[in-house]
Each structure stands twice: as structure tokens, then as C-alpha cells.
Amino acid sequence: MRIWINIVIGVLAIGIQSCARKLTEGQDKLPKVKEEELVAALDSISKSVPQFLSTKIDTKYTDNKQNISFKTSLKIQKDTAVNALITYAGIPIITAMITTDSVKISNKKEKCYILEDLNFFKNRFGVDFSYLNLEELLLGRPLDFNPEQEYYLIPDPYNYVLSTQKKMEDEGRVLISYYLSPDLKQLKKVEITSFKDEVTISVNYPEYMAGDVFSSPKIITAEIKTPKNQILLSMTYDKVELNVPKEMIIVIPDSYEKCK
């Protein structure tokens, strides 16, 4: 097991160093830090979570079949629910409610609905996300972080990178890499690779909105690659409110049929 981990981490390190040489010419090298310092930084970031967040988002979505832009009103209640209202040309078209055990979607345009458990994410994106994982991605928190997990420092003079691998049920081994900001206060990027399903997910946080208690992402970009699809997602947050509870609603009319 240890040999396999070292091989994967070694290959990852070579790839990162190769990219760094190409993309960071002229950039100053970062001071060296110990692996324990990066783990402690991730632990601190993971614990900084508001009880409630609401925001407006400019969203762009591209996959193999479509390229669309729309507005999203997002509400997150810690450890409870994510509520999203999607509008196009000022008209509400989709409402979604994701809780700790379910996904509910009301599609006004198609007059249909989706009621599923959290396998919804596995079926569509190839990776088994929990509700907590969704919160983490939307809030710029390190995905699936556990201070008791074993982490590996990736040698890179221009980035602070920690990696870990997990054996997940029915999914094989998953490699997760965390990139931290130079001041170790924010997450710059998280990458997930599911070897069994040949799925890679890269989520970038190039800009944050600084706050006294919590720094919210300002921009999130994501790329999801599967054997059959490539998804690009860009989200720009605006008018973020923290710790002000908002009503979270989803209505599915009786006349709606199940979405195909």
C-alpha cells in the first residue's frame, strides 16, 4: 500500500514541477514549510465556516452539449441544506434543494422534477460526493479534510501542495491534492482524481472576499473530465451575506412529471 502511494505521489510531484517551470518564470520561490504546518493550515481553513451564507452568482456552464450563462441565488445553511434558484433572462427556471440525504429539483421550464438521494452526484459526475463535500466546494473549504488522515507534501518551489489518497466504497482509490495560498490562509485549488472511473475534478479559487470572520470565495472555476464529457463551470459571487438566516423553499407542483 505504501509503495503504491509513493509511486502516485512521485508521479504527481513530477507533473507539478514540470508545470511550475512553464508557468512561473520570474515568480519568486516560496519559503519552505514543514508538512505539519500545511496540515495545520488546512485544519484551520476547514473549521472556518459561517452558520448561514447567501449570495448572487453569475454562472457560466459548458459541456459537450451546451454552453449557457445564467444567474443563481444561493443559500447555504451549515450542515443542513443548500438552496439554489436559477434564473435565465430574469425568469426563474430551476429551483434546487440539496440536504444531507436528498436532492430535489423543480424544473419550471420543462415542468418536471427530480427527487433522488445523494447518488445523484455519482450518477452525473462520476464521483461520490456527500452533502458536506458540496458545502466545502461552494465555501472554499478543503474537500474531505481529516487531520487524522495521512498527508504528503509535494515538492514544488512555487506552490504549497498537500496530497492524500483514500479508498472509497465502490469507487476504488481517489487522490486529493490541496493547493494553499502563500500566506496559508486560503485554499487556492483542490484536485480530485478517481482512477477507477477515470474522472478528474479541478476546482480553483483565484479570488476571495476578505471578511473579519469568514473570507468567502469571489470567483470559483471548475473543470470536470470524464471519459464521456468535459464540464467547465465559472461562478462569480456578489452581495454575500453572512449569518443572516433566509427562508429556503422549493415547490414542486402536483402537475409536474418526473424529469427524464
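What you see is a predicted model, and the numbers here were worked out from it, not measured in a lab.
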Yes or no on side chain to side chain contact (heavy atoms under 4.5 Å, CB included) for L53 and F214, after CA distance, side-chain angles and deciding distance?
CA-CA 10 Å; L53 178 144; F214 175 78; 4.0 Å; yes
A side-chain contact here means heavy atoms from C-beta on lying under 4.5 Å apart; do Q66 and Y61 qualify?
yes
Are I86 and T59 side-chain neighbours, meaning at least one heavy-atom pair lies under 4.5 Å?
no
Assess the residue pair T236 and K218 against the criterion (side chain to side chain contact (heavy atoms under 4.5 Å, CB included)); give the C-alpha distance rounded to whole Å, side-chain angles, the decisive distance to 0.1 Å, and a yes or no.
CA-CA 6 Å; T236 302; K218 170 67 176 177; 4.3 Å; yes
Any donor and acceptor pair, going by atom type alone, linking the side chain of Q230 with main-chain N or O of E223 inside 3.5 Å?
no
Donor-acceptor contact below 3.5 Å, side chain D183 vs main chain K185:
yes
Determine, step by step, whether F70 and I93 satisfy the side chain to side chain contact (heavy atoms under 4.5 Å, CB included) criterion, reporting the C-alpha distance in whole Å, the side-chain angles of both residues, the deciding distance to 0.1 Å, and the verdict.
CA-CA 10 Å; F70 51 88; I93 55 173; 5.7 Å; no
Closest approach of V161 and S177, non-hydrogen atoms and distance?
CG1-CB, 4.4 Å
Working to the nearest 0.5 angstrom, can you tell me the gap between S46 OG and D144 CG?
11.0 Å
Please give me the minimum heavy-atom distance between V213 and S48, naming the atom from each residue.
O-OG, 3.5 Å
Is the terminal nitrogen or CZ of K188 (NZ for Lys, CZ for Arg) located under 6.0 angstrom from the six-membered ring centre of Y179 and within 45° of that ring's axis?
no
Report whether I105 and M97 are members of the same hydrophobic cluster (ILVMFWY, side-chain heavy atoms less than 4.5 Å apart, transitive linking).
no
Can you check whether K228's main-chain N or O pairs, donor with acceptor, with T226's side chain at less than 3.5 Å?
yes
Side-chain heavy-atom pair L233, I220 within 4.5 angstrom cut-off:
no
Between Q77 and P245, is there a side-chain heavy-atom distance shorter than 4.5 Å?
no
Hey, quick one: are V49 and L42 part of the same hydrophobic cluster, counting side-chain heavy atoms closer than 4.5 Å, chains of contacts allowed?
yes
Could you check L74, T55, T221, L138 and say which one makes a side-chain contact (heavy atoms from CB on, under 4.5 Å) with M235?
L138
Any chance you could measure M248, atom CE, to I98, atom CD1, to the nearest 0.5 Å?
9.0 Å
Rounded distance [0.5 Å steps], NZ in K60 versus OG in S69:
5.5 Å
When every non-hydrogen atom of L139 is compared with those of P50, the smallest separation belongs to CD1-CD, 4.4 Å
Using a 3.5 Å distance criterion without hydrogens, assess whether the side chain of Y178 forms a donor-acceptor pair with backbone atoms of L143.
yes
Non-hydrogen side-chain atoms of Y158 and K29 separated by less than 4.5 Å
yes
Quick check on the hydrophobic clustering: are I219 and M209 connected, directly or via other members, by side-chain heavy-atom contacts under 4.5 Å?
no
Check whether any side-chain N or O of N243 sits under 3.5 Å from a backbone N or O of Q51 as a donor-acceptor pair, and report yes or no.
yes
Shared hydrophobic cluster for L134 and Y237 (ILVMFWY, side-chain gaps under 4.5 Å):
yes
OG1-NZ distance between T87 and K56, expressed to the nearest 0.5 angstrom:
8.0 Å
Measure the OH-CG distance between Y151 and N146 for me, rounded to the nearest 0.5 Å.
5.5 Å
Side chain to side chain contact (heavy atoms under 4.5 Å, CB included) for T95 and Y113? Distances and angles first, verdict last.
CA-CA 10 Å; T95 306; Y113 69 88; over 6 Å; no
With a sphere of 6.0 Å drawn around NZ of K104, does it hold more than 12 non-hydrogen atoms of other residues, nucleotides or ligands?
no
Out of curiosity, E110 CD to E257 CD, how far, rounded to the nearest 0.5 Å?
11.5 Å
Is the side chain of R141 donor-acceptor paired with the backbone N or O of K47 at a distance under 3.5 Å, no angle test?
no
Report yes or no: does Q149 contribute a side-chain atom to a donor-acceptor pair with the main-chain N or O of Q165 at less than 3.5 Å?
yes
When clusters are formed by joining ILVMFWY residues with side-chain heavy atoms under 4.5 Å apart, either directly or through shared neighbours, do I192 and L232 land in the same one?
no
Linking directly or through intermediates, with side-chain heavy atoms under 4.5 Å: list the remaining ILVMFWY members grouped with V251, chain and number order.
I249
Strictly distance-based, threshold 3.5 Å: is any side-chain N or O of E35 a donor or acceptor partner for the main-chain N or O of L153?
yes
4.5 Å side-chain heavy-atom contact, F52 and K78
no
Side-chain donor or acceptor of S181 paired with backbone N/O of Q186 under 3.5 Å:
yes
Return the minimal non-hydrogen interatomic distance between P253 and S106, and the atom names on each side.
CD-OG, 4.2 Å
Test item: D43 side-chain N/O and A40 main-chain N/O as donor-acceptor pair under 3.5 Å
no
Is the shortest heavy-atom distance from the side chain of T164 to the side chain of F145 under 4.5 Å?
no
Considering non-hydrogen atoms only, spot the tightest contact between C112 and Y256 and give its length.
O-CD2, 3.5 Å
How far apart are the closest heavy atoms of L187 and Y208, and which atoms are they?
O-OH, 2.6 Å
Taking the side chain as everything from C-beta on, heavy atoms only, tell me whether E116 gets closer than 4.5 Å to N123.
yes
